[in-house]
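Excluded from the calculations below are hydrogen atoms, water molecules and symmetry mates; all remaining heavy atoms, backbone and side chain alike, are included.
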Amino acid sequence: MNTYPSGLPPEYTTQHTSEFWWSMAFFLIGSAVVIFLLNMLLRKMLGVERRKKFSNNYVNEKHQRIDWTIRMVAVFAIVVAAIFAFYSIQIYMFFIFIIFGAIQETVRAVMEKKHAKNPNDYLFTLIQFPLAILVIITLAYAAFPDVVGELLSA
C-alpha cells in the first residue's frame with residue numbers, strides 16, 4: 001500500500017534526484033578544479049616538478065615497501081570496519097581514508113626529505129594533503145550539508 005502519490009518516497013522524485021545530481025556535479029567538478037589550482041600554485045611557489053598522473057612515484061625501494069605495507073593494513077582496517085560497523089560504515093571509512101592517507105603522505109614526505117633531489121618536494125607533499133582534505137570537506141558540506149552534518153555528528 002503506497003502512501004505517496006507517485007508510489008515513491010519524496011527523496012526519489014525527479015526534483016530531488018535532479019538537485020542531487022547538480023550538487024554532485026558541483027562537488028566533483030569544484031573539488032577537482034580547486035585542488036588542481038592549489039597544486040599548480042603550490043608547485044610554482046615551491047619550484048616542484050609535476051608528478052606523473054596515476055603512477056606510483058616512489059623515492060626508493062624502501063619507500064615502496066613501506067607504502068605497500070600501509071596499503072595492506074588499510075585494506076585490513078576497511079574489512080574489519082565493514083564487519084564490525086556495518087550500519088555506521090560511512091564515517092569509519094572516511095576516517096580510515098584520512099588516517100591512512102595522512103600516514104602515506106607523511107612517509108612520502110620523510111622519504112622525500114631524505115632522498116629527493118629537490119629540497120622542496122617534501123614541503124609540497126606536507127601541504128598538499130591537508131589542503132585537499134579541507135577542500136573536499138568544505139565543498140562536500142556546501143553541496144550536501146545534511147549528509148555531512150549527519151556524518152560528523154555520528
Side-chain angles (χ1 to χ4, degrees), residues 11-12 16-17 19-154:
E11 58 268 13
Y12 292 107
H16 289 347
T17 304
E19 288 174 18
F20 169 79
W21 287 114
W22 281 112
S23 295
M24 183 61 80
F26 165 75
F27 169 69
L28 292 174
I29 294 169
S31 295
V33 168
V34 172
I35 290 171
F36 173 79
L37 292 174
L38 283 173
N39 285 346
M40 190 171 67
L41 179 68
L42 277 173
R43 274 196 306 275
K44 284 191 186 272
M45 287 173 52
L46 297 172
V48 175
E49 289 184 25
R50 190 172 176 180
R51 295 180 185 144
K52 292 179 184 177
K53 295 264 189 222
F54 304 111
S55 67
N56 295 323
N57 299 303
Y58 298 115
V59 176
N60 56 23
E61 196 170 309
K62 182 178 181 181
H63 178 210
Q64 183 177 5
R65 284 193 314 270
I66 293 170
D67 188 67
W68 276 99
T69 302
I70 294 168
R71 289 176 191 215
M72 292 302 116
V73 172
V75 167
F76 179 75
I78 289 169
V79 170
V80 168
I83 291 169
F84 291 111
F86 185 74
Y87 292 106
S88 58
I89 192 71
Q90 299 94 344
I91 194 67
Y92 288 109
M93 290 297 196
F94 175 74
F95 286 121
I96 287 170
F97 285 122
I98 297 291
I99 290 167
F100 283 101
I103 292 169
Q104 277 187 307
E105 292 301 304
T106 303
V107 167
R108 172 182 292 286
V110 168
M111 291 297 182
E112 287 174 345
K113 173 82 170 152
K114 289 181 180 180
H115 304 289
K117 296 173 187 167
N118 186 341
N120 289 333
D121 280 348
Y122 83 99
L123 288 173
F124 176 78
T125 300
L126 286 176
I127 295 170
Q128 181 221 7
F129 185 73
L131 275 179
I133 296 302
L134 183 65
V135 166
I136 289 169
I137 291 172
T138 303
L139 289 178
Y141 186 73
F144 309 105
D146 297 337
V147 175
V148 175
E150 184 179 321
L151 281 176
L152 294 177
S153 68

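- Residues A109 and Y122 share a closest heavy-atom pair of O-CB, 3.3 Å.
- At a threshold of 4.5 Å between non-hydrogen side-chain atoms, the residues R71 and Q104 count as touching.
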Q) Could you walk me through whether I133 and I98 pass the side-chain contact (heavy atoms from CB on, under 4.5 Å) check? A) CA-CA 8 Å; I133 296 302; I98 297 291; 3.4 Å; yes
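- A 4.5 Å side-chain heavy-atom check between F124 and N120 finds every atom pair outside the cut-off.
- Note: F27 CZ to I29 CD1 = 12.0 Å, rounded to the nearest 0.5 Å.
- Ring planes of F144 and F20: tilted class, angle from 30 to 60°.
- Heavy-atom contacts from other residues, nucleotides or ligands closer than 6.0 Å to CE of M24 number more than 12.
- The nearest pair of heavy atoms linking T106 to A102 is OG1-O, 2.7 Å.
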(Q) Go through it in stages, so that I can follow the logic: the residues are R65 and K62, the test is side-chain contact (heavy atoms from CB on, under 4.5 Å), and I'd like the CA-CA distance, side-chain angles, deciding distance and then a yes or no. (A) CA-CA 5 Å; R65 284 193 314 270; K62 182 178 181 181; 4.0 Å; yes
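- Side-chain atoms of E105 and R108, non-hydrogen and from C-beta on, do get closer than 4.5 Å to each other.
- When all heavy atoms of F129 and G101 are compared, the closest pair comes out as CZ-C, 3.6 Å.
- D121 and A116 make their closest contact through OD2-CB, 3.6 Å (heavy atoms, listed as atom of the first residue, atom of the second, distance).
- Here the shortest heavy-atom pairing between I137 and F94 reads CD1-CZ, 3.7 Å.
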Q) Going through the distances and angles, do I35 and I136 end up as a side-chain contact (heavy atoms from CB on, under 4.5 Å)? A) CA-CA 9 Å; I35 290 171; I136 289 169; 4.0 Å; yes
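- Taken from CG in L131 to OG1 in T138, the straight-line distance is 10.0 Å, to the nearest 0.5 Å.
- Taken from CE in M40 to CZ in R50, the straight-line distance is 9.5 Å, to the nearest 0.5 Å.
- Within a 6.0 Å radius of CG in L41, other residues, nucleotides and ligands contribute more than 12 heavy atoms.
- Summarising the geometry, atom CD1 belonging to I66 is positioned 12.0 Å from atom CD1 belonging to I103; distances are rounded to the nearest 0.5 Å.
- Side-chain contact check for W68 versus M72: some heavy-atom pair is nearer than 4.5 Å.
- Between A74 and I96, the shortest heavy-atom contact is O-CG2, 4.3 Å.
- Distance CZ/R43 to CD/Q128: 8.5 Å, rounded to 0.5 Å.
- Side-chain contact between V107 and D67 is absent, with no heavy atoms from C-beta onward closer than 4.5 Å.
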Q) Under the side-chain contact (heavy atoms from CB on, under 4.5 Å) criterion, do I78 and M93 qualify, and how do the steps go? A) CA-CA 7 Å; I78 289 169; M93 290 297 196; 3.1 Å; yes
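- Taking CG from L126 and CD from E112, the interatomic distance works out to 8.5 Å, rounded to the nearest 0.5 Å.
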